[in-house]
Amino acid sequence: MRPVVLVLTGAEGLGTRLRASLGAVPASLRLHRFPDGETRVRIEGDLSGRAVILLASLDRPDAKLVPLLFAAATARELGARSVGLVAPYLPYMRQDLAFHRGESVGARHFAGILSASVDWLLTVDPHLHRVRRLDELFTVPAEAVHAAPAIAAWIRAEVRDPLVLGPDQESEQWVEAVARGADAPWAVLTKHRHGDRKVELTLPDLGVPAGRRPVLVDDIISTGATMRQAVALLRAAGSPAPWCVAVHAVFAGDAETELRRAGAREVVTSNTLPHPTNRLDVLPALVEGVRGILARAPAARMAGCP
């Protein structure tokens, strides 16, 4: 039985293509915002006995969470066999530890809310640090696909003699995979964070070998502080202007503009979040991931049921 794909605000571009790739049956999700800020969800289409897939761009997540939860609950009321969530960008994963007494651990709490509402989750390169796997947070099947092959293919096509660099130690897992796919050398910078927008970086000992063109790779550009300082360090060391490549184009405030002003040659992101810098397509990886989940769990458990 063909699935249903319901698309929440902000994911329309990927949604149209995901529906076509999966051969989904026609259905639509309509949201109405009342003057007092409350949301009404309406689903049009026959969901009876079908696997329902919610597709959501979850940057700026707080305002998007209630419509998502209402959509999942409404799909169940309309007879969905199962409800899964495709969230190409998964927020709150960086908040995986309470650094001070009384702080919430957003990663665990957010995962708990989603686990109570959907039967499975698929995302792209979540920002995991002290937590190593999604199943340490989620109580439903939660899987990740990776943008590294798309990034590596782009580098091979667009950059001659690249040197793949990570702006900090946390980026090493992505940088190594990308460099291996691009058949390029790689290294990471060292970072010391002094706040949300203040970081201190140092270049690796190798510098930038003659003839190599630096490509900075990270999973997220949010404030851009880390990437921006990496660009400045490279330029001060006499390096050519680096490409700045990221999986998730969060871009808080004027982050993109400031990154270009710092000396980035080009800013490139994937389409996990819609943005003018999107050059990398994660749809093939998402389609493969969804097909695998549906094949392995054709009768996924209904949340809240034995």
Side-chain angles (χ1 to χ4, degrees), residues 1-92 106 109-124 134 137-143 272-274 283 286-287 289-291 293-306:
M1 184 176 287
R2 292 187 295 162
V4 170
V5 176
L6 299 176
V7 182
L8 283 93
T9 304
E12 292 84 358
L14 273 178
T16 299
R17 298 172 60 214
L18 183 63
R19 282 189 179 120
S21 296
L22 295 175
V25 299
S28 63
L29 173 66
R30 300 187 184 277
L31 304 179
H32 176 76
R33 183 65 60 87
F34 291 103
D36 62 2
E38 294 184 359
T39 298
R40 180 184 67 205
V41 167
R42 179 181 179 185
I43 298 174
E44 298 176 347
D46 182 10
L47 275 54
S48 300
R50 295 189 182 275
V52 171
I53 301 164
L54 301 173
L55 176 65
S57 295
L58 290 181
D59 58 320
R60 285 73 179 176
D62 293 8
K64 298 178 178 180
L65 182 58
V66 168
L68 172 61
L69 299 180
F70 284 8
T74 304
R76 296 194 189 284
E77 292 171 350
L78 293 174
R81 184 188 74 206
S82 63
V83 179
L85 171 62
V86 176
Y89 171 68
L90 189 62
Y92 283 111
H109 299 155
F110 194 71
I113 291 169
L114 293 182
S115 294
S117 297
V118 301
D119 300 314
W120 55 265
L121 175 140
L122 181 69
T123 189
V124 180
L134 289 172
L137 297 170
F138 288 85
T139 58
V140 296
E143 301 182 12
T272 59
L273 297 171
L283 180 72
L286 287 173
V287 170
V290 169
R291 285 176 173 161
I293 289 172
L294 295 180
R296 290 191 297 274
R301 67 98 179 155
M302 302 293 284
C305 296

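Along the sequence shown, the residues carry numbers beginning at 1.
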| query | Is any NZ, NE, NH1 or NH2 atom of the basic residue among D119 and R76 found under 4.0 Å from an Asp or Glu carboxylate oxygen of the other? | reply |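 Salt bridge: yes.
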| query | Does a salt bridge link R42 with E44, judged by any charged N lying under 4.0 Å from a carboxylate O? | reply | yes
With rounding to the nearest 0.5 angstrom, report the [atom1] to [atom2] distance, [X] to [Y].
{"X": "I293", "Y": "W120", "atom1": "CD1", "atom2": "CH2", "answer": "5.0 Å"}
{"X": "L294", "Y": "I53", "atom1": "CG", "atom2": "CD1", "answer": "5.0 Å"}
{"X": "L68", "Y": "L31", "atom1": "CG", "atom2": "CG", "answer": "10.0 Å"}

Contact between [X] and [Y] at the side-chain level, heavy atoms closer than 4.5 Å - yes or no?
{"X": "V287", "Y": "L18", "value": "yes"}
{"X": "P67", "Y": "L8", "value": "yes"}
{"X": "L55", "Y": "P88", "value": "yes"}
{"X": "V52", "Y": "I43", "value": "no"}

| said: Please find the pair of heavy atoms, one from V118 and one from V140, that lie closest to each other, and give the distance. | reply: O-CG1, 3.4 Å
| query | Quick one: which of T39, D59, T9 gives a side chain to side chain donor-acceptor pair (under 3.5 Å) with K64? | reply | D59
| message | Could you check whether any side-chain N or O of S57 sits under 3.5 Å from a backbone N or O of G10, counting only pairs where one atom can act as donor and the other as acceptor? | response | yes
